[in-house]
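Shown next, in structure tokens, is the structure this report addresses.
Since the structure is predicted, the reported quantities are computational estimates derived from the model, not experimental observations. Below, chains carry the letters A, B, ... as their sequence lines are ordered, and counting in each starts from 1.
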Amino acid sequence: MTEAQRFFECFLRNGQAPRDLLEAYTAARAALRLPPDPLTERLVATRSDLSAAEFVRRRSDPRNGLTTRALLMLSLAEARPDCVEAFLLESPSVWRAWQALAAAPFLTAYRMVKGKLLLWWHGRKL
Amino acid sequence: MDANSEVIVVGSGPAGAMAAWALRGLGVRLLDFGNTSAGLPKLQENLYSLRRKTDLTPHLIGPNFEALRYLRRDTPVSLKLRAPALEFVIRNWEELAPLTSSTFRPVISLAKGGFANAWGAGVYRFGEDDLRGYPIGLADLSTHYDAVAQHIGISGSRDDLWEEFGEEPSLDPPLRLSRNCGQLLASYNSRRSAWMQRGVRFGRPRLAVITQPRRGREPYAYRCLEFVQTGDPAMYNPAMTIDELSRAGAIQYEPGWLVEKFRESETGVEVIARDSQNTRVVFRSRTLILAAGALNSARIVLASFADFTTRLPLLDNPMTVLAMFHPRSFGTTLQQDDPALAQLNVVLAAEQFGTKYQASLYGCNGAPMSDFVGTLPLPMDVSRRLLRYLLPALSLAIVFHPAEPSARQSLRLREDGALDASYEWHPDNRLAGRLSTVFRGLGTWTAAGMAKHRNPGEGIHYAGTLPMAASPGPYQLDTAGRLQGTRNVYVCDGACLPRLPAKNHTYTVMANAHRIATSIARRVAR
């Protein structure tokens with residue numbers, strides 16, 4: 001399981017990411033010389049919920065390594081036609097929109113608790 | 001290398017282009033650093049059609065991931081300056097034209113055409129009230145506004161803001177209105193007189209964007225590419241004027257030169273410039289016109305007098321951005337041919353709001369969604385899913401605050417060549433409350449807490465460093481734009497403006513540059 005694949009699963013969709021997207025992520029990481037982030041590496045290695053951990057980390061440090069990597073993956077994916085549906089609504093869906101809005105606070109609260117636990121658990125092992 | 005000319009113009013932004021235009025055919029040499037786009041092929045289709053069928057990584061991210069470099073920066077980079085084809089607009093400025101400050105966050109352009117490569121194209125005439133404190137009046141500028149309008153082409157409409165934005169002899173029809181702004185305008189029009197009594201007036205923006213063919217330029221094609229590339233022939237760019245004049249042999253355009261300083265001699269002015277290899281060259285002319293932008297013109301003037309102590313005044317229109325939500329558009333699809341340009345303007349009257357404010361309304365078209373995902377207080381995957389429904393229903397009102405000179409806003413040249421700026425500004429927090437009340441009254445959902453005040457410098461409306469004055473003192477200009485204490489050195493960019501109303505100042509900078517250069521042209525022609 002590569003870091004890029006795990007970010008794709010946590011921030012875009014389940015399933016295998018396109019190979020050239022994974023390669024682009026690796027190349028971009030190297031080109032931008034992102035400093036190593038042991039916590040991210042540990043979260044990836046343990047297949048933890050990166051979205052939950054990122055959310056909690058972003059609240060205290062908006063420029064942390066996990067957030068930077070998530071934005072990197074999202075930016076690269078947004079430029080590709082095979083990921084367009086993750087960013088653009090192809091047909092109107094008012095009912096689903098209100099459903100998503102109603103669910104957002106519950107998902108956020110759940111991720112907050114989960115993220116705090118993940119950071120506490122993995123943080124103490126670093 | 002030693003070169004002589006009648007007039008040297010420094011800088012190719014809106015002021016430099018208008019000065020060169022007014023002086024065309026009179027022996028003008030235009031010195032410019034002149035960064036240009038990296039040469040990516042131009043996209044010719046709508047952004048969203050392309051996104052469905054083409055890998056846009058080269059255009060949105062860049063072969064060397066240029067658009068993602070902001071992830072490693074401590075200071076934010078405007079969305080409009082991140083795309084690989086727009087990166088040239090601010091390329092090299094931190095090495096070649098450095099500025100340090102903890103309170104002022106500017107960017108400087110060394111590009112051919114300057115910041116107008118990535119501008120919003122808003123062109124609004126200053127009225128008599130806006131020119132309060134200026135040593136010139138509207139009568140001095142009117143014919144020059146007309147000349148600039150004739151040259152660049154402007155679209156807009158005769159509506160409730162006609163008087164506020166000034167009489168234009170001719171306008172192209174305005175751009176198509178988006179669904180959200182159309183609903184907002186309809187809501188305003190249904191109770192128009194009540195809103196006007198409350199000091200609120202809405203209207204269409206004036207844009208330097210043509211909607212009808214003009215002098216070989218194609219009208220606006222609704223491709224929504226404003227965040228991706230520059231050079232849309234429908235949108236005026238000073239580089240067009242420079243190219244036109246160069247092709248006609250009416251000016252000599254010399255890119256690759258960073259002007260450092262000048263010195264006056266018996267016969268005229270010597271201009272010292274260096275190229276990217278640090279080779280210094282002296283250019284000679286009878287007259288020098290500085291149009292390098294308010295910050296760089298100030299740098300050149302201070303360096304010329306080796307003055308590292310004087311603090312010059314500094315102005316910028318700080319910005320407040322208020323997000324609003326159009327509930328009827330929630331869950332609909334994005335209108336993909338809406339322009340990523342101002343759709344509507346609202347002016348809040350000084351009598352009711354303390355100070356007159358102007359806000360421009362934008363949709364969220366064209367900008368990458370990834371840039372919004374991390375800004376919501378939600379987990380990113382939740383935020384991404386929600387934004388698919390939310391973006392078609394979002395508008396942003398961008399308000400420019402007026403700026404008056406103050407001892408707390410200043411600029412100094414350091415001995416190492418960097419500018420040192422300080423800017424103290426405290427937003428009027430009541431504005432967001434008042435503005436959100438207006439927009440709620442028109443059927444949108446918003447709250448004062450959704451307003452974000454941007455740092456001074458992020459407005460990119462720099463001005464006032466070498467202001468015009470009726471009785472100019474040191475580092476001030478007379479009404480003809482001549483620098484006090486010099487015989488043949490003029491300044492014609494935003495540095496001239498002694499104060500900034502809550503309005504985009506580019507059109508006034510252009511008209512004033514045309515005014516100053518026209519008077520120099522008369523003298524040169526004699």
Report which part of [X] has an atom under 4.5 Å of a heavy atom belonging to chain B: side chain, backbone, both, or neither.
X	result
Trp95(A)	neither
Ala27(A)	both
Glu78(A)	both
Ala77(A)	neither
Arg59(A)	neither
Arg96(A)	both
Cys83(A)	neither
Arg80(A)	both

Check this for me, if you would: do Glu85(A) and Arg388(B) make a salt bridge, where the nitrogen-to-carboxylate-oxygen distance has to be below 4.0 angstrom? no

Rounded to the nearest 0.5 Å, what separation is found between the [atom1] atom of [X] and the [atom2] atom of [Y]?
X	Y	atom1	atom2	answer
Leu68(B)	Leu71(A)	CG	CG	9.5 Å
Arg58(A)	Thr375(B)	CZ	OG1	8.0 Å
Arg385(B)	Leu12(A)	CZ	CG	10.0 Å
Gln99(A)	Leu386(B)	CD	CG	12.5 Å
Leu378(B)	Leu107(A)	CG	CG	9.5 Å

Pick one of side chain, backbone, both or neither for Leu376(B), based on which atoms fall under 4.5 Å of a heavy atom in chain A. backbone

Heavy-atom side-chain proximity of Phe65(B) to Leu76(A) below 4.5 angstrom: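 Side-chain contact under 4.5 Å: yes.
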
Give the member of Ala100(A), Ala31(A), Ala28(A) that has the highest number of heavy-atom pairs under 4.5 Å with chain B.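 That would be Ala28(A).
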
